Amino acid sequence: MSALAKFERRYKADNADLALKDWDQLIASNAPDWVQAFRKRGHEIVVEAGLPTPKLERFKYFNLPAWLKKQELSYQSFEFEINGPTNFASVANDDFSNVPDWAQDLITAQPLGEEKYGDLMLERLSDAFFSDALIIDVPEGEQITEPLHLKIPNKENAFLCPRIIVRVGRNADFTLHEEHQATHAQWNNAIIKIIVEEGARFCHYRYNMNGDQSCFTQNTSVHVAGNATYEAFTLTAGEGLSRNQVHVELQGAEASCDVNGINLLSNAQNADTTITIEHQAPNCRSNQNYRNVVTDKATGIFQGKVHVHRVAQQTDGYQLSNSLVLSHAATMNTKPELEIYADDVKCSHGATTGRIDDEALFYLRSRGIPEEEARSILIQAFVSEVIEEISHEATSEDVIYKLSQWLSTASLTFEAR
């Protein structure tokens, strides 16, 4: 069944014009046949299905069209800002002559989970506006200790579609830092597709520090081969609207992944974390560990899923989302899921939502610590378990610093009714 047929049967929203108004100008530009066909296919699907709305299960608490109706955005090109070991990175645009076959195959591949969920319209929208790609190709056996730092520049009233393609070769080791920091109204609809080959290790850290007027939606697709490791951490401490969507396929025996993060939400921010990890081979391990701190009128969403295929015996899958809610007006929605078809597995999932422990707060205050400082200490202790799982020491120290900055400005006192 084609993706279009599935969309037509399950879902159709008449809102594509909110995002496609500048597409005719892009498609009129010169580009190779495969690029033009790729753009047209993405455009066709978005026109047919529309943009995702809360009528879709995985977008139940995330209303992007309502946000877009209040904006005056235009599609804009941009330049990737990178530093570090840049000899492994190249930017493809204009005639796309430097796109190798493996990268072209990965760029044009059907989005992971599209046939099952039928809600990957944001990725297809990025396909329609495909004009730039950062291609990172780490050769076999390379052990790169210095991270590659990537920053997406800030543009006012802009609709951006950055695309990152990564291949980490056999037995290689590589680290990528992404930073998104917009101060103006902006929609950053990012796509990153990753291949971690056999025996390789890829550490992927992302900071979402955008302002309250911005929207950040990203889809990360990861293929992990046997004996390979994918470690991901996302810190969200900004954005009016954000969606961190990750889909990992553990495709070879002894593959492993850690998809962790911290969401620090205040004002009227809305942050959605949606994770799917598919165990497709035996003896694989996965871990999802998230901490959410929600205050003011903010809304947090965690949707985590572990899918264990029949062949994936001796799977070890762990999933946990713990949340602190610091205001009666704040909301936290959690939906942990397990879908298991193998019979020799160790899988667990859980979610907790509560407020700061009054006894712990009283204990610290009885030792002479002011209330505001005591609350900060307890919040830092609450999120510290996730920070400790970051293997890159400089990154963990940076996260601690950014946490302290957020705590210094957020409202931490639980509001009375």
Side-chain angles (χ1 to χ4, degrees), residues 82-85 88-89 136 138-151 164 166-180 192 194-209 218 220-237 244 246-252 254-264 273 275 277 279 283-292 304 306 316-322 380-404:
I82 56 174
N83 60 75
F88 301 107
I136 301 170
V138 183
E140 178 178 346
E142 288 284 345
Q143 304 293 304
I144 305 170
T145 57
E146 181 186 3
L148 178 69
H149 292 271
L150 165 67
K151 187 174 182 180
I164 308 161
V166 181
R167 181 173 68 173
V168 183
R170 290 168 58 93
N171 301 315
D173 194 330
F174 183 69
T175 300
L176 174 66
H177 278 252
E178 289 182 55
E179 184 171 353
H180 305 267
I192 178 165
I194 300 163
I195 296 175
V196 188
E197 294 189 342
E198 186 172 354
R201 179 171 177 266
F202 179 39
C203 295
H204 182 199
Y205 307 123
R206 179 185 289 122
Y207 299 149
N208 300 335
M209 312 295 290
Q218 73 82 24
T220 298
S221 303
V222 190
H223 307 261
V224 186
N227 294 293
T229 299
Y230 174 67
E231 177 191 328
F233 172 85
T234 299
L235 173 66
T236 298
N244 175 38
V246 182
H247 193 129
V248 181
E249 289 188 351
L250 301 175
Q251 298 176 330
E254 307 290 343
S256 67
C257 73
D258 295 270
V259 183
N260 303 330
I262 298 172
N263 294 317
L264 305 173
T273 299
I275 300 169
I277 297 178
H279 288 254
N283 298 292
C284 293
R285 181 196 64 83
S286 70
N287 176 56
Q288 300 173 52
N289 194 354
Y290 265 78
R291 295 291 186 274
N292 310 287
V306 178
D316 188 349
Y318 176 80
Q319 179 192 109
L320 182 64
S321 172
N322 290 340
Q380 290 182 62
F382 173 72
V383 302
S384 63
E385 179 184 333
V386 178
I387 297 176
E388 291 169 359
E389 294 186 15
I390 299 173
S391 62
H392 192 260
E393 184 176 352
T395 301
S396 63
E397 292 174 355
D398 197 23
V399 171
I400 292 172
Y401 173 72
K402 285 178 167 54
L403 170 64
S404 65

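In this text the structure is predicted, and so the values were computed from the model without any measurement.
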Asks: Do Y205 and E231 meet the criterion of a side-chain donor-acceptor pair at a distance under 3.5 Å?
Replies: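 Yes, a side-chain donor-acceptor pair sits under 3.5 Å.
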Asks: Can you see which heavy atom on L148 is nearest to which on A89, and at what distance?
Replies: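 In this case the closest contact between L148 and A89 is CD2-CB, 4.3 Å.
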Asks: Counting distance only, does the side-chain N/O of Q380 pair as donor-acceptor with the main-chain N or O of S404 below 3.5 Å?
Replies: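 It does not hold such a pair.
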Asks: Can you tell if the side chain of L176 reaches within under 4.5 Å of the side chain of I136, non-hydrogen atoms only?
Replies: yes
Asks: If you round to the nearest 0.5 Å, how far is CG of L264 from CG of N208?
Replies: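 If I round to the nearest 0.5 Å, the distance is 11.0 Å.
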Asks: Evaluate the side chain to side chain contact (heavy atoms under 4.5 Å, CB included) criterion for residues H247 and E249: first the C-alpha distance (whole Å), next the side-chain angles of each, then the deciding distance (0.1 Å), finally the verdict.
Replies: CA-CA 7 Å; H247 193 129; E249 289 188 351; 4.3 Å; yes
Asks: Using the side chain to side chain contact (heavy atoms under 4.5 Å, CB included) rule, take L150 and I164 through it: C-alpha gap first, then chi angles, then the decisive distance, then the call.
Replies: CA-CA 10 Å; L150 165 67; I164 308 161; 3.2 Å; yes
Asks: Let me see the working for I82 and H149 under side chain to side chain contact (heavy atoms under 4.5 Å, CB included), right down to the final yes or no.
Replies: CA-CA 5 Å; I82 56 174; H149 292 271; over 6 Å; no
Asks: Can you name the closest pair of heavy atoms from A172 and V138 and give their distance?
Replies: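 Distance-wise, the nearest heavy atoms are CB-CG1, 3.9 Å.
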Asks: Kindly determine whether I262 and I387 satisfy side chain to side chain contact (heavy atoms under 4.5 Å, CB included), including the steps that lead there.
Replies: CA-CA 9 Å; I262 298 172; I387 297 176; 3.7 Å; yes
Asks: Are side-chain N/O atoms of N260 and E389 paired as donor and acceptor at under 3.5 Å?
Replies: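 Present: a donor and an acceptor within the cut-off.
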Asks: Quick one: CG on N263 to OG1 on T234, what's the gap to the nearest 0.5 Å?
Replies: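 So the gap between those two atoms works out to 8.5 Å.
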Asks: Quick one: are V259 and I277 in side-chain contact, heavy atoms under 4.5 Å?
Replies: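 Sidechains of I277 and V259: in contact.
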Asks: In terms of side-chain heavy atoms, does E178 have a donor or acceptor partner in H204 at a distance below 3.5 Å?
Replies: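 E178 vs H204: donor-acceptor pair found between side chains.
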Asks: Only one of T229, D173, N171 forms a side chain to side chain donor-acceptor pair (under 3.5 Å) with R201, so which one is it?
Replies: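 In the set T229, D173, N171, the residue that makes a side chain to side chain donor-acceptor pair (under 3.5 Å) with R201 is D173.
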Asks: Under a 4.0 Å N-O cut-off, is there an ion pair linking R170 with E197?
Replies: no
Asks: On a heavy-atom basis, which atom in F174 and which in P85 lie closest, and how many Å separate them?
Replies: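 Smallest heavy-atom distance, with atoms named: CE1-CG, 4.4 Å.
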Asks: Which atoms form the tightest heavy-atom contact between A225 and A255, and what is the distance?
Replies: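 In terms of heavy atoms, the two residues are closest at O-CB, 3.3 Å.
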Asks: With rounding to the nearest 0.5 angstrom, report the CD to CD distance, E198 to E254.
Replies: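 Between atom CD of E198 and atom CD of E254 there are 11.0 Å.
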Asks: Does the side chain of L235 reach to within under 4.5 Å of the side chain of M209, using non-hydrogen atoms?
Replies: yes
Asks: Within the structure provided, determine whether H279 and S286 are in side-chain contact (heavy-atom separation under 4.5 Å).
Replies: yes
Asks: Compute whether any side-chain donor of one residue and acceptor of the other, for E397 and T395, lie under 3.5 angstrom apart.
Replies: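 Side-chain D/A pair, E397 to T395: absent.
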Asks: Within the side chain of E140, is there an N or O that forms a donor-acceptor pair under 3.5 Å with the backbone of E142?
Replies: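 No, because the side chain of E140 does not come within donor-acceptor range (under 3.5 Å) of the backbone of E142.
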Asks: Mind checking whether F202 and Y230 have parallel, tilted or perpendicular rings, split at 30° and 60°?
Replies: tilted
Asks: So, S321 and N292: side-chain donor and acceptor under 3.5 Å apart, yes or no?
Replies: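 Present: a donor and an acceptor within the cut-off.
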Asks: Any side-chain donor paired with an acceptor under 3.5 Å for N244 and Y290?
Replies: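 On atom types as modelled, these side chains qualify, holding a pair under 3.5 Å.
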Asks: Between I144 and T175, is any pair of side-chain heavy atoms under 4.5 Å apart?
Replies: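 They are not in contact (no side-chain heavy atoms under 4.5 Å apart), so the answer is no.
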Asks: Say whether, by atom type as modelled, one donor and one acceptor occur between the side chain of Q319 and the main chain of G304 under 3.5 angstrom.
Replies: yes
Asks: Do we get R291 above F382's six-membered ring, with its NZ or CZ under 6.0 Å from the centre and within 45° of the axis?
Replies: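 Geometry flag: set, cation within 6.0 Å and 45°.
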Asks: Under 4.5 Å between any side-chain heavy atoms of V383 and E385, yes or no?
Replies: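 In short, these two side chains do not touch, never coming nearer than 4.5 Å.
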Asks: At their closest point, which heavy atom of A228 faces which heavy atom of V196, and how far apart are they?
Replies: CB-CG1, 3.8 Å
Asks: For the residue pair C203 and H392, establish whether any side-chain heavy-atom pair is separated by less than 4.5 Å.
Replies: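 Contact flag for C203/H392 side chains = no.
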Asks: If you count every heavy atom of other residues, nucleotides or ligands that lies below 6.0 Å from Q143 atom CD, does the total exceed 12?
Replies: yes
Asks: Any non-hydrogen side-chain atom of Y207 less than 4.5 Å from a side-chain atom of T236?
Replies: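 Heavy-atom side-chain distance check fails, nothing below 4.5 Å.
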